[in-house]
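The next block holds one structure in the form of structure tokens; read it before the comments.
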Amino acid sequence: MNLFEHFRERVIEALERMTEAGDLPAGAETSRIVVEPPREATHGDVTTNAAMVLAKPAGLKPRDLAEKLAARLAAFDEVAAAEIAGPGFINLRLSDAFWRARLAEILRAGPAYGGSTVGGGQAVNVEYVSANPTGPLHVGHARGAVVGDALAALLEKAGFAVTREYYINDAGAQVEALAWSAYYRYLQALGAEIDEATFAKLCPGGELQYRGEYLIPLGKALVEAYGDTLADRDDVHAEWTVKSVDAWLPTVRQFATDRMMDLVREDLAALGVKHAVFTSERALVARGGVEEVLAFLADRQLTYTGILEPPKGKLPDDWEARPQLLFRATSFGDDVDRPLKKSDGSWTYFATDVANHLDKYRRGFASMINVWGADHGGYVKRMQAAVKAITEGRGSLDVKLCQMVNLMDGGQAVKMSKRAGTFVTLRDVVEEVGKDVVRFIMLTRKNDAQLDFDLKKVTEQSRDNPVFYVQYAHARVRSVMRKAAEIFALDELTPDALTAGSLECLTDPEELALIRAMAGWPRIVESAAEAHEPHRIAYYLYDLAAQFHTLWNKGNDDASLRFLIPEERAVTLARLAMIQGVAFVIASGLDVFGVTPVEEMR
RNA sequence: GUCCCCGUAGCUCAGUAGGAUAGAGCAACGGAUUCCUAAUCCGUAGGUCGUGAGUUCGAAUCUCGCCGGGGACGCCA
């Protein structure tokens, strides 16, 4: 239960009765009424601006209106006191019984606590990672992978029907270059005497683009699968050539992209990321998806052939004005109309991506979210314009741009050189610090803010390492529960038994404050989900852990506040219920992040 | 030149469908350990929320201008 939503309904209910009683004109606009936690805890548990918002249209003074509304709110059982403050805020203090009931609710729900139905089962498509299938994922990809995955889980928890999708960019020049690079390794595996420089001259653009060693096994695998049947050898001159490109390239390209996607999937699996749907750009193009979407746009006069102004700022050397097929993006809020076809006649990436989004929309996703690297920022407007066009205003696209990750090691920037032995791949980082650490740290910043990822600091056991700090709180609870098992029978310690116990023993203000913090979790889930901001959960968990650690240490100063007091069984069981609640809420939050709560810290 | 993001304590950052006296960690300083893990906790100090206007009962939050940092700007994805 989102208690603020609960009290918002209570406020509306009270306002209706005031209208019936003639204290408020009928038809008051209630949409701007907000019920939320006060900024200052000393102001109470719940606050509302209702009186201030309604005063003007009702022709009343805010404080007069507040007096009457507060009196009605005070009559509800859950409300211990209703006070008026400042320009007309109404602050509610809730009864201790209400808070204990929240704890009981948490224990009943377990780690599922905080789940919501605000999403109403609405289908949402979250597309993330979508890296070119040309090699292993690097650290930069990890952030998008984690943000997308956590956002998907968050939306699920808030009641949306989420599909995790990966759009495979397997149709462009990049995979062409991959095929050439793979072919070089294939020839090597066959024992061909051809050096890199010689082969590079044969490649389009005269460059061998992917030179990483990860393609060596791929070359060998090609030999295993095809023998020398793909090889192109001029027997007369006994030289390797690339004359019959059309014969081998499609095969090698397919083979290579399949292998690279396997690699990507393995990398993602190491990070605990799993997509439900993989969409191939190549397949989309092959089945005429682009022609289809262009026809759709053409029918609505949204494409035309025109000449673009040269780009301002840095002008490409080879720029020349020429007519091209354009999408009328300016009709949907973009700054210029956008090209759909390249000069060689093939589709631009944008064109195929428009087709991709139409495909998603037709599969039932009016709500789409893409997670991109910040360097794709320039594409946001045009893609949103395209989504407006192809869904005729019925679909929405939110793009989460992930800023750079600065990989550090003990305060020193790790050089991102592909050749230097420094770990730059996603896999290396996961193996170095563990997937849980990577996942949590990637979510400790807003997606559009840069993030320092220090391999030393993230494994440090101190308060300034949020992963540790939150995990430590959970581990402490588990430690106490293990101790408790020496005093109590196991069936006294189940969540059900704890709920049925003497929760009324929880009377200390600090204890009730901790329960308040836990009870705030459902609101965090809903607001973070609506804002598409999973990082808020990291901050919430950190705060909850801090409150728990604080209370723990109160027991150092004042023995009567310890959780385990063997001679006071009722109090102890109530406190065990409380800390079990903390563990459940932390587990619930970590579950959204895909992080496993730990039983103990080594 | 146009567009997007950012600017909050010495440092790293929270805080936006507008709310009350702007928060946390680190660093600094002062404390707490016969105890369920002191890997923690308590306290002190630290601010023109880049800047100038506007909108209104009320602005870190919304609008506009300016300053500073980053990014993007046809035939890359």
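So you know, we letter chains A, B, ... as the sequences are listed, proteins then strands, and number each from 1.
In this structure, T550(A) does not reach the C41(B) phosphate: none of its side-chain N or O atoms is under 4.0 Å from OP1 or OP2. The phosphate of G25(B) (OP1 or OP2) has no side-chain N or O of H549(A) nearer than 4.0 angstrom. The phosphate of C13(B) has neither OP1 nor OP2 within less than 4.0 Å of any side-chain N or O from K446(A). Distances shown here put a side-chain N or O of R476(A) below 4.0 Å from the OP1 or OP2 atom of A38(B). At the phosphate of A20(B), neither OP1 nor OP2 sits under 4.0 Å from any side-chain N or O atom of T47(A). In this model, the phosphate group of G23(B) is not approached by any side-chain N or O of Y542(A) to a distance below 4.0 Å at OP1 or OP2.
Residue R562(A) has its side chain nearest to C36(B) when only C36(B), A38(B), G19(B) are considered. Checking C36(B), C13(B), U40(B) against every side-chain atom of R445(A), the shortest atom distance belongs to C13(B). For F563(A), taking side-chain heavy atoms from C-beta onward, the closest of the listed nucleotides C6(B), C36(B), U12(B) is C36(B). Comparing G19(B), C36(B), G74(B) by their closest approach to the side chain of R322(A) singles out G74(B). Checked against G19(B), U40(B), G74(B), the side chain of V53(A) finds its nearest nucleotide in G19(B). The listed nucleotides are C75(B), G58(B), U37(B); the one nearest the side chain of S343(A) is C75(B).
At the heavy-atom level, G377(A) lies nowhere under 4.0 Å from the strands shown.
Among the candidates L325(A), T352(A), T305(A), the single residue satisfying the side chain to side chain contact (heavy atoms under 4.5 Å, CB included) test with L340(A) is L325(A). Put simply, the residue from T279(A), N370(A), V387(A) that forms a side chain to side chain contact (heavy atoms under 4.5 Å, CB included) with K360(A) is N370(A).
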Subject >> Pair E600(A)-R478(A), salt bridge (Lys or Arg N to Asp or Glu O under 4.0 Å): steps then yes or no >> reply: CA-CA 7 Å; E600(A) 57 183 341; R478(A) 301 306 303 156; over 6 Å; no

**OP:** Could you give me the CA-CA distance, side-chain angles and deciding distance for E83(A) and R93(A), then say whether salt bridge (Lys or Arg N to Asp or Glu O under 4.0 Å) is met?
**Re:** CA-CA 8 Å; E83(A) 293 152 11; R93(A) 281 169 210 286; 3.1 Å; yes

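Atom pair W552(A):CH2 and C36(B):C1' shows a separation of 5 Å (rounding to whole Å applied). To the nearest angstrom, P of A17(B) lies 14 Å from CD of E526(A). When rounded to the nearest whole Å, the span between NE2 of H535(A) and P of G25(B) equals 18 Å. Across the protein-nucleic acid pair, D454(A) atom CG and C11(B) atom P stand 19 Å apart, rounded to whole Å.
Between the side chain of D543(A) and the base of A14(B), no donor-acceptor pair of N or O atoms lies under 3.5 Å. Checked by distance alone, N553(A) brings a side-chain donor or acceptor within 3.5 Å of a matching partner on the base of U40(B).
When the P atom is compared between C26(B) and C41(B), the two are found 8 Å apart, to the nearest whole Å. Rounded to whole Å, the separation between the C1' atoms of G58(B) and U21(B) comes to 14 Å.
Stacking between H376(A) and A72(B) is absent: the aromatic ring centre is not both under 5.5 angstrom from the base six-membered ring centre and within 30 degrees in plane angle.
With a 4.5 Å cut-off on side-chain heavy atoms, R482(A) and E599(A) count as touching.
We find that K483(A) and E486(A) are not joined by a salt bridge, their nearest charged nitrogen and carboxylate oxygen being 4.0 Å or further apart.
Across all strands shown, A32(B) forms a Watson-Crick or G-U wobble pair with U40(B), both key distances being under 3.5 Å.
Two residues, W347(A) and D375(A), neighbour RNA chain B, and the one matched to the more 5' nucleotide by heavy-atom proximity is D375(A).
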